[in-house]
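Only one structure is covered here, and it is reproduced in the block below.
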Amino acid sequence: MNANSLPSPPPTALEALNEWVAEVALLTQPERIQWCDGSDAEFDALTAQMQADGTLLPLNDKTHPGSWLHRSDPDDVARVEHLTFVCHEREEDAGPNNHWMAPAEAHAKIDALFEGCMRGRTMYVIPYCMGPIDSALSRCGVEITDSPYVVANMRLMTRMGAAALARIEREGTFVRGLHSTGELDPNRRYIMHFPAELSIKSYGSGYGGNALLGKKCHALRIASHQARSEGWLAEHMLIVGIENPQGETHYIAAAFPSACGKTNLSMLIPPDAYREKGWKVWTVGDDICWMRPGEDGRLYAINPEAGYFGVAPGTSDKSNPNALASIQRNTIFTNVAVTDDNQPWWEGLDDRVPVKDWQGRDFQPGNGPAAHPNSRFTVSAKQCPSYSPQAEAPQGVPISAIVFGGRRASLVPLVFEARDWTHGVLVGASMGSETTAAATGQVGVMRRDPMAMKPFCGYNFADYFSHWLSFDQPGAKLPKVFHVNWFRKGDDGQFLWPGFGDNLRVLEWMIGRVSGEAGAVDTPIGALPRPEDLDLEGVSLSEEAVEELFGFHREGWRGEFDGIGEFLGGFGARMPDALHAEQQRIAAALRD
Ligand SMILES: Nc1nc2c(ncn2[C@@H]2O[C@H](COP(=O)(O)OP(=O)(O)OP(=O)(O)O)[C@@H](O)[C@H]2O)c(=O)[nH]1
Ligand SMILES: O=C([O-])CC(=O)C(=O)O
Ligand SMILES: [Mn+2]
């Protein structure tokens, strides 16, 4: 195709967009170009076409109306951090936390892959808005892709189509994301970010986090960099509203690494006794949070997404009934197993035995799990029974508490509170967690994952921590900062804390701390509740569990703080002195 065969007149009057689309068409040579309007008719036509060519397999229409299974290439099931690059002119600006390539080299390398890659195929142009269309906090982008699966997922995950295009035309700026599934060859795969150009190029993967460019690539890597210069924060956080029996709602934002419990906490169902008293939980977002100080000095947050791309395994009517209710219809499942009556199935759902595994083979336990450990569902947020009407509010919701947490089998207690903002930033910066199946590589290895942003921060972590510290200004009414660990294990290897709905007991304590009502004891690492400071009625915990979940183990923390000191030191002179000082203050207190 050449520029002359572009549709005429072009669907938008925005020259910059038309020029970019023409330029991409020239490079990739698609057979045709389709501008996506986000309509139901467009979605229906795409899913019908994917059903016809086998990209989507229809699921049981009685139990799961309007739902499909997609089986991806077995080598393309997770994010690929070693192939993900942040391309600033200077390597120091990407920082030791990122893989870096100079922009010119990166463009040359990936453009060579894009050359002619859409021959014989349709090129889709997807205008999207991250956040409510009418919110000043929202930002827009356009993704160009040759994957109808990406279009369908973007339709569920973002505000996509005509309204987004209208906003882009008004604003004149947008993030440019170019994607092709290519040959799905892991040796011809890159996810490249050019923060200074507000652009993304992703080649060779169809997997969510690599291919749905509005999500991790735009809303975290590009947005975090943009947020630094514009005075806001783009974070890997859920947003949840906790309504107490008096009818007051506190909003909490929580950063846990991939597959460490954000979706679950955001959709929590209160334990029976809490429900009877009138506690309610409202889901604003399950993965990404953009926040900015409001005129009253508080941080206001929006969820830039419009849907969930959630982890399937472990989701059941016991662990997460809201998620399960959300995915009974109009859902795309990726890499799950199926039962004999063609229902989606995964480990932890129930005790049925599936007939086909995620690769479509007859299920045999010897082949490993039936559903891929990183199998996912894509669904519109509006289908969640706990979806908060405030998720559409253009001004966002005020945040009362920020929570950091990870998977830590040992040492780290159930919950503690940072003493002030600077300490809170250190708590976030020093987060550690055991790796999960959300990214390729070994699972269960402890690594530092500051603010759950290790794979997602679009610039040097040292500068990112400085940016976090800069919010502590006169007049600021910053949230309190906490750290949680739902994943503490006993000697038998079992989790000590029941988790899920019972996590509300911990959130209630946090809200009590915010309002000054809940008790705690001070330790060098922060304020820890005593068991009697939490409502534990009906929770059965062994003596060992209480000791491990609520105890403070000075020896272990000394070692931990040595590790934290080394980690901060790895960033050299760019690391803010205030964080070093904070680490040293606590390390000294631990020696006393
Ligand atoms: N033991 C325990 N497991 C949990 C808890 N919350 C979530 N999980 C499990 O952790 C896994 C991942 O949870 P999610 O809530 O999907 O993780 P996420 O942080 O939203 O992950 P991403 O979408 O990858 O960013 C699931 O298998 C859950 O069942 C908890 O409180 N306790
Ligand atoms: O990005 C993805 O593919 C899914 C996700 O939320 C994560 O990995 O944190
Ligand atoms: Mn995530």
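Please read these numbers as outputs of a predicted model, since none were measured by experiment. Both counts, for ligands and for their atoms, begin at 1 and track the order of listing. Start at 1 with the first residue, then count along the sequence.
Looking only at protein heavy atoms, the nearest one to atom 17 (O) of ligand 1 is G261 N, 3.0 Å. The protein atom (non-hydrogen) at minimum distance from atom 9 (O) of ligand 2 is S258 OG, 2.5 Å. The protein heavy atom nearest to atom 4 (C) of ligand 2 is R376 NH1, 3.4 Å.
Atoms of ligand 2 found under 4.0 Å from any heavy atom of A438, numbered from 1 in the order shown, are 8 (O). Atoms of ligand 1 found under 4.0 Å from any heavy atom of P257 (numbered from 1 in listed order, with element): 19 (O). Using a 4.0 Å cut-off to heavy atoms of K262, the atoms of ligand 1 that qualify are 15 (O), 17 (O), 18 (P), 19 (O), 20 (O), 21 (O), 22 (P), 25 (O). Near K216, meaning under 4.0 Å from one of its heavy atoms, ligand 2 places the atoms 1 (O), 5 (C), 6 (O), 7 (C), 9 (O). Atoms of ligand 1 found under 4.0 Å from any heavy atom of P313, numbered from 1 in the order shown, are 26 (C), 27 (O). Every atom of ligand 1 with a heavy atom of H236 under 4.0 Å away is listed here by number and element: 25 (O).
Geometrically, K489 engages F495 in a cation-pi contact defined by less than 6.0 Å to the ring centre and at most 45° from the axis. A cation-pi arrangement is present between K216 and F456 under the rule of less than 6.0 angstrom and at most 45 degrees off the ring axis.
For the residues N264, T263, N374, the heavy atom positioned nearest atom 28 (C) of ligand 1 is part of N264. When the heavy atoms of F309, F456, F487, F256 are ranked by distance to atom 2 (C) of ligand 1, first place goes to F487. In the candidate list D287, V506, V311, V311 is nearest to atom 16 (O) of ligand 1, counting heavy atoms. For the residues W346, F500, Y308, F377, the heavy atom positioned nearest atom 8 (N) of ligand 1 is part of F500. Closest heavy-atom approach to atom 11 (C) of ligand 1 within the set R79, K216, R376, R407: this belongs to R407. Taking each of A254, G405, A259 in turn, the one with a heavy atom nearest to atom 21 (O) of ligand 1 proves to be A259.
Considering backbone and side-chain N/O atoms, K262 never comes within less than 3.5 Å of an N/O atom of ligand 2. Residue-to-ligand polar distances keep K215 apart from ligand 2: every N/O pair is separated by 3.5 Å or more. In terms of polar-atom proximity, G208 is not counted as a contact of ligand 2, lacking any N or O under 3.5 Å from an N or O of the ligand. Of the N or O atoms in G310, none lie within a sub-3.5 Å distance of an N or O in ligand 1.
Shown are N153, T331, N330; of these, the side-chain hydrogen bond (donor to acceptor under 3.5 Å, both in side chains) with T378 is made only by N153. Shown are L137, L233, I302, V397; of these, the side chain to side chain contact (heavy atoms under 4.5 Å, CB included) with M291 is made only by L233. Y207 pairs with exactly one of T334, T440, N374, T181 by the side-chain hydrogen bond (donor to acceptor under 3.5 Å, both in side chains) rule, that one being N374.
Annotation: the span from L534 atom CG to M510 atom CE amounts to 9.0 Å, rounded to 0.5 Å. The CZ atom of F487 sits 5.5 Å away from the SG atom of C260 when rounded to the nearest 0.5 Å.
With a heavy-atom cut-off of 4.0 Å, S258 touches ligand 1 through backbone and side chain alike. At a heavy-atom distance under 4.0 Å, no atom of T315 approaches ligand 1. When non-hydrogen atoms are compared, ligand 2 lies under 4.0 Å from neither the backbone nor the side chain of F256.
A salt bridge between D287 and K262 is present, with a side-chain N of the basic residue lying under 4.0 Å from a carboxylate O of the acidic one.
Taking the six-membered ring where the residue is Trp, W468 and Y464 present perpendicular rings, their angle passing 60° and hence far from 30°. Using cut-offs of 30° and 60° for the angle between ring planes, the H218 and W290 rings count as tilted.
Here the N, O or S atom of H236 that is nearest to the Mn ion (ligand 3) is NE2. The minimum distance between the Mn ion (ligand 3) and any N, O or S atom of D287 involves atom OD1.
Within a 6.0 Å radius of CG in D491, other residues, nucleotides and ligands contribute 12 heavy atoms or fewer.
Side-chain contact of D449 with S433: a donor-acceptor pair under 3.5 Å is absent, judged by distance alone. Of the N and O atoms on the side chains of N503 and W497, at least one donor lies less than 3.5 Å from an acceptor on the other residue.
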Evaluate the criterion side-chain hydrogen bond (donor to acceptor under 3.5 Å, both in side chains) for residue pair S205 and N210; output intermediate values, then yes/no.
CA-CA 6 Å; S205 167; N210 304 326; 3.0 Å; yes
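Here K216 reaches the Mn ion (ligand 3): one of its N/O/S atoms is less than 2.8 Å from the metal.
For the ligand labelled ligand 1, residue C260 lies inside the 4.0 Å heavy-atom shell.
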